[in-house]
Amino acid sequence: MRIRWGLAPRTLAALALVLVAAVGLAAFHFWSVRPQGVRAPETVEAGAAAVADDPLRATGADPVPRPVAGAPPSPPPEPAREIVVDVSGKVHRPGVQRLPAGSRVADALRAAGGVRAGTDVTGLNRARVLMDGEQVAVGVPQAPAALGATGATGGAAGGVTGAPGSPGPAAPLSLSGATKEQLETLPGVGPVLAQHIIDHRTENGGFRSVDELRQVNGIGDRRFADLRPLVQP
């Protein structure tokens with residue numbers, strides 16, 4: 001009986017290995033199904049959530065800064081503007097000058113080196129705002145007065161009118177720089193037509209030639225023929 005039911009050493013070793021494996025599986029199953037603690041979610045601000053949800057920002061691939069939530073967008077910078085004017089006459093450096101938009105006649109005179117000593121600038125409005133493409137003439141002598149004028153002599157040019165009662169300006173009037181009152185001294189030009197001329201030069205950036213007067217509302221061929229020798233661009 002002992003010999004019949006006895007176990008060989010190899011059989012005992014195999015049974016021991018099976019028991020060890022069974023115990024290991026049971027321990028692993030017990031460890032995997034044990035209860036685990038769960039942490040409460042943390043509060044995330046809206047701005048930080050937007051950054052975390054943006055894959056480009058997380059990897060540093062977005063070089064453009066984006067506005068923070070709730071902050072007003074910054075206005076885009078305005079492009080720099082400038083005007084170009086021609087300063088001629090009795091200045092130290094006559095020629096074309098580039099100035100910031102909104103500059104006045106006094107700024108153009110400073111850019112041209114200032115007015116020469118002894119020049120009469122009584123008729124020059126140095127506080128007038130300049131327009132792009134206009135000419136500022138300083139100290140240019142006037143032409144002889146037209147027939148029927150009172151014979152008044154002028155000082156500085158640049159849009160200087162003749163004496164009261166004369167049929168027009170004693171020197172060619174600058175269409176790009178003359179004021180409304182100066183335009184009204186032209187023959188046949190009243191307040192309404194003078195305003196039409198100013199509106200036309202404002203819309204088109206000044207006058208580049210006298211022929212552009214034909215495009216002004218209210219100026220026909222006959223009136224243009226009367227004004228042509230009395231004005232300049």
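One finds the CG atom of L183 at 10.0 Å from the NZ atom of K180 (value rounded to the nearest 0.5 Å). Distance OG1/T185 to CG/L230: 9.0 Å, rounded to 0.5 Å. Note that the CD atom of E212 and the CG atom of L175 stand 9.0 Å from one another [nearest 0.5 Å]. Here the CD1 atom belonging to I197 is positioned 9.0 Å from the CG atom belonging to L173, to the nearest 0.5 angstrom. How far CD1 of I83 is from CG of L130: 5.0 Å, rounded to the nearest 0.5 Å.
Scanning both residues, R128 and T179, for their nearest heavy atoms gives CD-CG2, 4.2 Å. Across every non-hydrogen atom of S174 and P233, the tightest pair is OG-O, 3.9 Å. For the pair A137 and L124, the tightest heavy-atom approach, listed with the atom from each and the gap, is O-CD1, 4.2 Å. Residue M131 comes nearest to T202 through the heavy atom pair CE-CA, 3.9 Å, listed as atom of the first residue, atom of the second, then distance. A pairwise comparison of heavy atoms in P187 and L227 identifies O-CD2, 3.5 Å as the closest pair. Counting all heavy atoms, side chain and backbone alike, R93 lies closest to Q97 at O-NE2, 3.4 Å.
The backbone N or O of F207 sits less than 3.5 Å from a side-chain atom of S176, completing a donor-acceptor pair. With hydrogens and angles ignored, the 3.5 Å screen pairs no side-chain donor or acceptor of R228 with any backbone N or O of V210. Without hydrogens or angle criteria, D107 side chain to R104 main chain gives a donor-acceptor distance under 3.5 Å.
For R116, the CZ atom sits in a packed shell: over 12 heavy atoms of surrounding residues, nucleotides or ligands are nearer than 6.0 Å.
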* Would you sort out whether V105 and N125 count as a side chain to side chain contact (heavy atoms under 4.5 Å, CB included), showing the intermediate values? => CA-CA 7 Å; V105 174; N125 183 6; 5.9 Å; no
* Would you please test V138 and V121 for side chain to side chain contact (heavy atoms under 4.5 Å, CB included) and show each step? => CA-CA 7 Å; V138 182; V121 292; 4.1 Å; yes
* Output, in order, the C-alpha distance, side-chain angles, deciding distance and verdict of side chain to side chain contact (heavy atoms under 4.5 Å, CB included) for L193 and R223. => CA-CA 11 Å; L193 186 54; R223 182 164 295 173; 3.3 Å; yes
* Going through the distances and angles, do S209 and D211 end up as a side chain to side chain donor-acceptor pair (under 3.5 Å)? -> CA-CA 5 Å; S209 67; D211 293 337; 4.8 Å; no
* Should R201 and E134 be marked as a side chain to side chain contact (heavy atoms under 4.5 Å, CB included) after you check the CA-CA gap, both sets of side-chain angles, and the distance that decides it? -> CA-CA 10 Å; R201 79 185 184 192; E134 76 168 274; over 6 Å; no
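Taking the side chain as every heavy atom from C-beta outward, V91 and T119 never approach each other to under 4.5 Å.
The list of ring-ring contact (aromatic ring centres under 6.0 Å, His included) pairs with a residue in residues 90-133, not counting sequence neighbours, is empty. Evaluation of the ring-ring contact (aromatic ring centres under 6.0 Å, His included) test over residues 211-230, restricted to residues two or more places apart or in two chains, returns none.
Qualifying side chain to side chain contact (heavy atoms under 4.5 Å, CB included) partners for V84, counting only residues two or more places apart in sequence or in other chains: V96, R98, D132.
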